[in-house]
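Just so you know, these numbers come straight off a predicted model, no measurement behind them.
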Amino acid sequence: MGPPSAAPHGRHRPWQGLLITASLLTFWDPPTTVQFTIEALPSSAAEGKDVLLLACNISETIQAYYWHKGKTAEGSPLIAGYITDIQANIPGAAYSGRETVYPNGSLLFQNITLEDAGSYTLRTINASYDSDQATGQLHVHQNNVPGLPVGAVAGIVTGVLVGVALVAALVCFLLLSRTGSIQRDLREQPPPASTPGHGPSHRSTFSAPLPSPRTATPIYEVSVGHGCSGPTGSRGPRICPHQHLAELRFRKMQ
């Protein structure tokens, strides 16, 4: 008895049909949609700056965008909308004239204020009229040093002023000390001595001893021998006829 004959051509086995069905299901499985998100650029802005609420992972089939101020679109005031078919912004009740919606769904805030801080929700509508929404946060701080409280800024300013005052006091102290030292040196410096060619000093003028009147040559000695003669051959002093007058002059000078 021979081996069993092979299956006739054209007959499908059951397991082959199962494989074909599984392949078709895998090929037609729709991809999972990604939820879009809202990101603030910058995440924390100073008062008076511009902020962009960027819509990320937006589908290309979106037909309209609607921005609301609040944590949800339901019951929150409408800021502005954008219709892709006509490419136009539609202002809402919460529109202030500083908001602009771009074709990719992002919202631009210009010259933001502290009142603009809070939650913002974007609601989208696609070609099938299905709606989806996502919420982002807008953080605004006062126009000073970012991240520092008012007390810290005041402390920094006070420290700088105290440092400047200390430096100024030190400079004044050094200047006063130098000026006092110069004045003290000038007071202690001796008067300059006289030099040759500039006249005698006071000390040399009054230090010379005055001649004694008794050492001067009497007038009568000068007068002796002028018009007077003694006896010839006499060894004694010659007597002047005017001796009496000379003695009177000498006594007067004394």
Side-chain angles (χ1 to χ4, degrees), residues 10-149:
R11 182 182 298 179
H12 297 282
R13 298 178 181 179
W15 59 271
Q16 291 179 344
L18 294 176
L19 289 177
I20 295 174
T21 303
S23 299
L24 291 175
L25 291 176
T26 303
F27 180 77
W28 291 106
D29 186 18
T32 304
T33 58
V34 179
Q35 176 67 33
F36 70 93
T37 57
I38 305 299
E39 181 181 0
L41 299 176
S43 58
S44 179
E47 189 177 9
K49 301 296 182 179
D50 298 343
V51 178
L52 178 66
L53 294 179
L54 180 63
C56 304
N57 301 324
I58 292 292
S59 174
E60 296 181 356
T61 61
I62 300 299
Q63 299 297 315
Y65 303 96
Y66 297 98
W67 278 97
H68 299 262
K69 186 173 183 180
K71 295 182 178 180
T72 180
E74 289 77 11
S76 298
L78 175 66
I79 299 175
Y82 185 85
I83 308 301
T84 58
D85 292 340
I86 61 177
Q87 298 181 356
N89 279 270
I90 301 175
Y95 181 73
S96 65
R98 298 176 292 112
E99 301 87 359
T100 303
V101 182
Y102 288 105
N104 61 354
S106 300
L107 176 64
L108 175 65
F109 268 98
Q110 293 178 327
N111 193 20
I112 61 173
T113 63
L114 295 177
E115 289 75 14
D116 294 331
S119 301
Y120 291 86
T121 300
L122 172 61
R123 182 169 63 93
T124 61
I125 298 177
N126 58 16
S128 302
Y129 298 99
D130 294 329
S131 178
D132 198 1
Q133 63 182 2
T135 304
Q137 294 291 327
L138 178 59
H139 300 281
V140 184
H141 58 263
Q142 291 182 348
N143 193 10
N144 52 19
V145 182
L148 293 179

Undergrad: With sequence neighbours excluded, what pairs up with Ile90 under the side chain to side chain contact (heavy atoms under 4.5 Å, CB included) test?
TA: Ile83
Undergrad: Output all residues satisfying side chain to side chain contact (heavy atoms under 4.5 Å, CB included) with Ala73, sequence neighbours left out; order by chain, then residue number.
TA: His68, Thr121, Arg123, Gln133
Undergrad: Per the side chain to side chain contact (heavy atoms under 4.5 Å, CB included) rule, which among Leu107, Leu122, Thr135 passes with Ile38?
TA: Leu122
Undergrad: About how many Å separate CG of Leu78 and NZ of Lys69, when rounded to the nearest 0.5 Å?
TA: 13.5 Å
Undergrad: Roughly how far, to the nearest 0.5 Å, is CD of Gln110 from OG1 of Thr100?
TA: 5.5 Å
Undergrad: So how far is it from Asn57 CG to Gln35 CD, rounded to the nearest 0.5 Å?
TA: 9.0 Å
Undergrad: Enumerate the side-chain hydrogen bond (donor to acceptor under 3.5 Å, both in side chains) contacts for residues 37-54, please, sequence neighbours excluded, ordered by first and then second residue.
TA: Ser44-His141
Undergrad: If you look only at pairs with a residue in residues 103-125, which of them pass as a ring-ring contact (aromatic ring centres under 6.0 Å, His included), with sequence neighbours excluded?
TA: Phe109-Tyr120
Undergrad: When rounded to the nearest 0.5 angstrom, what distance separates CG in Asp116 from CG in Asn111?
TA: 8.5 Å
Undergrad: For Thr61, enumerate each residue passing the side chain to side chain donor-acceptor pair (under 3.5 Å) test, keeping only those at least two apart in sequence or located in another chain.
TA: Ser59
Undergrad: For Ala46, is there any backbone N or O sitting under 3.5 Å from a side-chain donor or acceptor partner on Asn143?
TA: no
Undergrad: How long is the gap from CG on Asp132 to CG on Asn126, to the nearest 0.5 Å?
TA: 8.5 Å
Undergrad: Could you name each residue pair satisfying side-chain hydrogen bond (donor to acceptor under 3.5 Å, both in side chains) that touches residues 74-84, not counting sequence neighbours?
TA: Thr72-Glu74
Undergrad: Does a side-chain heavy-atom distance below 4.5 Å link Leu52 with Tyr102?
TA: yes
Undergrad: CG of Leu53 to CH2 of Trp67: how many Å apart, nearest 0.5 Å?
TA: 4.5 Å
Undergrad: Quick one: closest heavy-atom pair of Ser106 and Ala55, and the distance?
TA: OG-N, 3.2 Å
